[in-house]
Amino acid sequence: MSFASARLRWIKVHDAAVANVAASQRQIDGDPAMPQITTLAELAPMTQMTTRDGTVLTVRAAFSEDEGVLADFFDKVSPEDRRFRFLTAIGHLEHAQLQPLTHVDHWRTESFVAFDATTGEIVASAMLACDPRMQTGEIAVSVRSDYRGRGVGWTMLDLLAAEADRRGLERVISIEDRDNHAAIELEREKGFEAHGLDGDPHLVLLEKRFA
């Protein structure tokens, strides 16, 4: 799909979302003909995906009202995995760290939250951040500790690759700590090639190009 056609598709989706927000405002204003929905998260389309072990996920874009549940989610991500995600040691995430995950434009940058369809709890967070020319997208994935090894990370990488391709990107990259062997191996299995990162021997850049 070309960038122009992908952009046109996004405009149509955006216009539909604006219409949904207008409908939501009618709901908030008490229009008795409209069911009561009060948040963008409730209006967001959900995608259902199944991991390799059969876990069913429902995935949607993240919004500002997700800040609290994302903070709770990252408390359930291991300290090592939080360090790998943010490339620095970090404890409980505060507003400054969470805002880039919940305030995005939903085109050049998109943040996803994945829920276990059975429990309704967030089990993964994923992000796609594109450069201004919409050629390269950087990706990142975090998985709740007790859901590791169940194919959740694999499934979220599939989602990010599909979203990058839909936007017409030429490639996606991931910057990983060299000690993050699990993520590096997973991304290699998904077709990423590893390269050294100039200026930092502790990091590795993984790249996947689209035909």
Side-chain angles (χ1 to χ4, degrees), residues 47-62 66 69-93 97-98 100-102 104 109-119 121-130 136-165 169 171-210:
T47 300
Q48 188 172 95
M49 308 183 77
T50 302
T51 73
R52 65 181 180 222
D53 82 338
T55 300
V56 179
L57 305 176
T58 53
V59 185
R60 63 164 172 80
D66 292 313
V69 290
L70 274 169
D72 292 341
F73 159 76
F74 277 105
D75 285 343
K76 298 174 183 176
V77 172
S78 73
E80 184 178 52
D81 284 346
R82 284 198 303 270
R83 178 173 68 84
F84 288 151
R85 172 70 183 265
F86 297 98
L87 299 179
T88 186
I90 193 168
H92 179 76
L93 269 66
Q97 291 90 32
L98 291 164
L101 305 179
T102 59
V104 297
T109 303
E110 185 61 281
S111 176
F112 296 97
V113 284
F115 302 83
D116 184 318
T118 301
T119 67
E121 296 180 344
I122 294 181
V123 299
S125 163
M127 195 156 195
L128 171 66
C130 306
T136 297
E138 184 176 348
I139 63 171
V141 176
S142 294
V143 177
R144 212 171 80 179
S145 296
D146 54 339
Y147 278 76
R148 291 193 63 185
R150 298 175 60 177
V152 175
W154 182 282
T155 302
M156 297 309 290
L157 281 178
D158 283 343
L159 171 72
L160 291 173
E163 288 293 321
D165 193 34
L169 301 185
R171 65 173 187 157
V172 289
I173 62 171
S174 175
I175 298 173
E176 303 287 358
D177 189 299
R178 285 189 180 272
D179 291 335
N180 194 358
H181 304 296
I184 292 171
E185 182 59 28
L186 172 62
E187 288 165 16
R188 279 177 163 165
E189 290 176 5
K190 299 298 288 183
F192 285 73
E193 295 184 359
H195 308 279
L197 196 64
D198 291 343
D200 196 329
H202 302 293
L203 300 178
V204 59
L205 184 146
L206 291 109
E207 175 191 46
K208 180 174 183 176
R209 288 190 171 271
F210 300 103

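Numbering of residues begins at 1 and proceeds along the displayed sequence.
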Given V172 and L160, is the side-chain contact (heavy atoms from CB on, under 4.5 Å) satisfied, shown in steps? CA-CA 9 Å; V172 289; L160 291 173; over 6 Å; no
Nearest atoms (heavy-atom pairs only) where M156 meets V141: CB-CG1, 4.0 Å
With A117, which residues qualify under side-chain contact (heavy atoms from CB on, under 4.5 Å), at least two apart? V56, T58
Can you see which heavy atom on L169 is nearest to which on F210, and at what distance? O-CD1, 3.5 Å
If a pair satisfies salt bridge (charged side-chain N to carboxylate O under 4.0 Å, His left out) and one of its residues is in residues 140-158, list it, with sequence neighbours excluded. D53-R150, D81-R148, E121-R144, R144-D146, D158-K190
Would you give the length of the straight line joining atom CD1 of I173 to atom CG of L206, rounded to the nearest 0.5 angstrom? 10.0 Å
Minimum heavy-atom distance between V77 and S145, given as atom pair plus value: C-OG, 3.6 Å
Residues that E163 engages under salt bridge (Lys or Arg N to Asp or Glu O under 4.0 Å), provided they are two or more places apart: R166, R167
What donor-acceptor contacts under 3.5 angstrom involve side-chain atoms of residues 85-93, with partners at least two apart or in another chain?
{"from": "R85", "atom 1": "NH1", "to": "S142", "atom 2": "OG", "distance (Å)": "2.9"}
{"from": "H92", "atom 1": "ND1", "to": "D75", "atom 2": "OD1", "distance (Å)": "2.8"}
{"from": "H92", "atom 1": "ND1", "to": "D75", "atom 2": "OD2", "distance (Å)": "3.0"}

With I184, the side-chain contact (heavy atoms from CB on, under 4.5 Å) member among V204, D177, D179: V204
Gap separating the NZ atom of K208 from the CD atom of E193, nearest 0.5 angstrom: 11.0 Å
Just jot down the side-chain contact (heavy atoms from CB on, under 4.5 Å) partners of A183, sequence neighbours excluded, or say none. E176, N180, E187
Can you sort out the partners of R209 under salt bridge (Lys or Arg N to Asp or Glu O under 4.0 Å), two or more places apart, ordered by chain and number? E207
What is the minimum heavy-atom distance between V104 and S111, and which atoms define it? CG2-N, 4.1 Å
Between A61 and D66, what is the shortest heavy-atom contact and its length? O-OD2, 4.2 Å
Got a second to check how far K76's NZ is from I122's CD1, nearest 0.5 Å? 9.5 Å
For the atom pair CZ (R178) and CG (L203), what is the distance rounded to the nearest 0.5 Å? 8.0 Å
Distance col, row M49:CE vs L159:CG, nearest 0.5 angstrom, shows 5.0 Å
Can you list the residues that meet the ring pair (Phe, Tyr, Trp, His ring centres under 6.0 Å) rule with F192, with sequence neighbours excluded? none
Give the intermediate values and the outcome of side-chain contact (heavy atoms from CB on, under 4.5 Å) for residues V113 and V69. CA-CA 10 Å; V113 284; V69 290; over 6 Å; no
Minimal heavy-atom distance between F73 and A124, with the atoms involved, is CE1-N, 3.6 Å
Side chain to side chain donor-acceptor pair (under 3.5 Å) against D200, all qualifying residues, sequence neighbours excluded: none
So, T51 side chain and G151 main chain: donor-acceptor pair closer than 3.5 Å or not? no
